[in-house]
K.L.:
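Mind looking over this structure? Questions follow.
All chains are named by letter (A, B, ...) in the order of the sequence lines, taking the proteins before the strands, and each is independently numbered beginning at 1. Predicted, not measured: the structure shown is a model, and the values here were computed from it.
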There are 2 protein chains.
Amino acid sequence: MQNTNIEDMELGQRLRAVREQAGLSQRALAKRADVTNSTISLIESGKVNPSVGALRRILQGIPIGMSEFFAFEPEPEKTVFYAAEELTEIGKGGLSLKQVGGNLIGRQLMILLETYELNADTGRVMYGHEAEEGGIVISGRVEVTVGHERKILGPGDAYYFDSRSPHRFRQVGPEKCVLVSACTPPSF
Amino acid sequence: MQNTNIEDMELGQRLRAVREQAGLSQRALAKRADVTNSTISLIESGKVNPSVGALRRILQGIPIGMSEFFAFEPEPEKTVFYAAEELTEIGKGGLSLKQVGGNLIGRQLMILLETYELNADTGRVMYGHEAEEGGIVISGRVEVTVGHERKILGPGDAYYFDSRSPHRFRQVGPEKCVLVSACTPPSF
DNA sequence: TCTGCATGTTCAATATTCTCAACACAAAGT
DNA sequence: ACTTTGTGTTGAGAATATTGAACATGCAGA
């Protein structure tokens, strides 16, 4: 249906450039890549939208990696501003965790708006990876336990600790608790 | 024929991870990406080898770029050693330029084995981009002109200059001239 | 329990890629 | 001129990706 897609054109042109840079003919590359020369011809002239597998085999014959091959494509812009309702919900139960930016890939920082309903409790948590986290309570009260230390924090109070310490957050008092936290690096 | 390819598996698993990280269901992402949910399902379960176009549309819905998506794949190892006959020939006429590494992509340096047949002459050359180059004569004699300076170099003699200076190499004497040169960065 | 809704999966049909073979062209050797 | 060898391109058919609709499951709420 959609013949001669412009993006395929650019991809094909790039493949041709890369192949010629490597001093390989379509057939020579086809042999290395275990595809047919026609496949390469069709891709380079933008007549087809190759499969990932075919493209990967071809690039391995050059050789060049997928990531490097696509490095010429502009990365989509990461959003800078997020409306309140655009924050990604990743919590569950009585604990709401709204993450700034739905997608952590390539980011150095995870920022969360945490809402603890009455009696919400994270239970005892411990992350194996090296990270640090901290936060500030906005409203309500929460009992925070880190290692052997325990304290009840109210509006304006804050915390900061190494994520490898076992820790636990539990809502206390008559109203739900809201706090903002940050963690680095995100768990991947 | 080849069902459940292992590389497709990994690609699918990665897509699933990325999608879930973004907090999107298959259908939600499908809608943004203008593909069907089945496509995403099949890709994630490794049952198909998606087309580049389909994968790109899907990733745009997340959003994440192709290069970043494939960053998890190890880049193919750049070859370290090259047999004499593996050097890529990029010259023509009486001038032979054998390039170390057929493919300059991602490299900081271009290294050439240059062979000038009798009376071979590069003519006057000037590169617009910022670069420096130098070399050492192995055998034979060559007359090198850089800017207003001119000198005949023999075995063991060397040169080094800014590529933006107009320059010219011309074989002189009774035997062909061989030299090794290096240039940084390669012209891209 | 039932309904409604959201999730991911699977099937048959359609659209597309990929292959194999042939073609057209150019350069080099005889 | 005529091969020979190399290049990229182009059909028709086999192989495969993508679609659209149905299916299965789980979960929340009445």
K.L.:
Please tell me which of A:Thr39 and B:Ile40 maps to the more 5' nucleotide of DNA chain C, matching each residue to the nucleotide holding its nearest heavy atom.
P.N.:
B:Ile40
K.L.:
Counting the atoms with a prime plus P, OP1 and OP2 as sugar-phosphate, which does B:Leu42 contact under 4.0 Å by heavy atoms, base, sugar-phosphate, or nothing?
P.N.:
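The residue B:Leu42 makes base contact.
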K.L.:
Establish, yes or no, whether the cationic atom of B:Arg14 lies under 6.0 Å from the six-membered ring centre of B:Phe69 and within 45° of the ring axis.
P.N.:
yes
K.L.:
Between atom CD in A:Glu44 and atom P in C:dC18, what is the gap in whole Å?
P.N.:
13 Å
K.L.:
Nearest whole angstrom, please: distance from the C1' of D:dG20 to the CG of B:Asp34.
P.N.:
14 Å
K.L.:
Roughly, in whole Å, what's the span from CG in B:Leu24 to P in C:dA6?
P.N.:
15 Å
K.L.:
Is there a side-chain contact between B:Thr36 and the phosphate of D:dT19, meaning an N or O under 4.0 Å from OP1 or OP2?
P.N.:
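So the side-chain polar atoms of B:Thr36 do come within 4.0 Å of the phosphate oxygens OP1 or OP2 of D:dT19, strictly under.
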K.L.:
Check whether any side-chain nitrogen or oxygen of A:Arg16 sits under 4.0 Å from OP1 or OP2 of D:dT9, and answer yes or no.
P.N.:
yes
K.L.:
Return the 5'-most residue of the pair A:Ser41, B:Val35 with respect to DNA chain D, ranking by each residue's nearest nucleotide.
P.N.:
A:Ser41
K.L.:
So does A:Asn37 reach the base of D:dT9 with its side chain, donor to acceptor, closer than 3.5 Å?
P.N.:
yes
K.L.:
Specify whether B:Phe169 and B:Tyr159 have parallel, tilted or perpendicular ring planes, treating 30° as the upper limit for parallel and 60° as the lower limit for perpendicular.
P.N.:
perpendicular
K.L.:
How many whole angstroms separate atom CG of A:Leu15 from atom C1' of D:dG8?
P.N.:
13 Å
K.L.:
Are any of A:Lys47's side-chain N or O atoms less than 4.0 Å away from OP1 or OP2 of D:dT10?
P.N.:
yes
K.L.:
Let me know the distance between NZ of A:Lys31 and P of D:dG8, rounded to the nearest Å.
P.N.:
15 Å
K.L.:
Using 30° and 60° as the class boundaries, would you call the ring planes of A:Phe70 and B:Phe70 parallel, tilted or perpendicular?
P.N.:
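If you compare the ring of A:Phe70 with that of B:Phe70, the planes turn out parallel.
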K.L.:
Mind calculating the distance between CD1 (A:Ile58) and C1' (C:dC18) to the nearest angstrom?
P.N.:
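It is 10 Å, rounded to the nearest whole Å.
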K.L.:
With heavy atoms under 4.0 Å as the rule, sort B:Ser25 into base, sugar-phosphate or nothing.
P.N.:
sugar-phosphate
K.L.:
In whole Å, I'd like the distance from the CD1 atom of B:Ile43 to the C1' atom of D:dT18.
P.N.:
9 Å
K.L.:
Report the distance from atom CG of A:Leu11 to atom C1' of C:dT17, rounded to the nearest whole Å.
P.N.:
14 Å
K.L.:
Would you kindly say whether B:Thr36 and B:Thr39 are connected by a side-chain donor-acceptor distance under 3.5 Å?
P.N.:
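Checked: B:Thr36/B:Thr39 side chains pair up, N/O donor to acceptor below 3.5 Å.
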K.L.:
Got a salt bridge between A:Arg168 and A:Glu143, using NZ or NE/NH1/NH2 to carboxylate O under 4.0 Å?
P.N.:
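Here A:Arg168 does not pair with A:Glu143 in a salt bridge, since their nearest N and O are not under 4.0 Å apart.
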K.L.:
When you get a sec, tell me which of C:dC18, D:dG8, C:dG8 is the closest nucleotide to the side chain of B:Gln26?
P.N.:
C:dG8
K.L.:
Between the side-chain atoms of A:Arg27 and the base atoms of D:dG6, is any donor-acceptor pair under 3.5 Å?
P.N.:
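Flag unset: no donor-acceptor pair detected.
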K.L.:
Taking atom types as they are modelled, would you say the side chain of B:Ser38 forms a donor-acceptor pair with the base of D:dG20 within the 3.5 Å cutoff?
P.N.:
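Present.
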K.L.:
Could you check whether B:Ser51 gets within reach of a base, just the sugar-phosphate, or nothing at all, counting any heavy atom under 4.0 Å?
P.N.:
sugar-phosphate
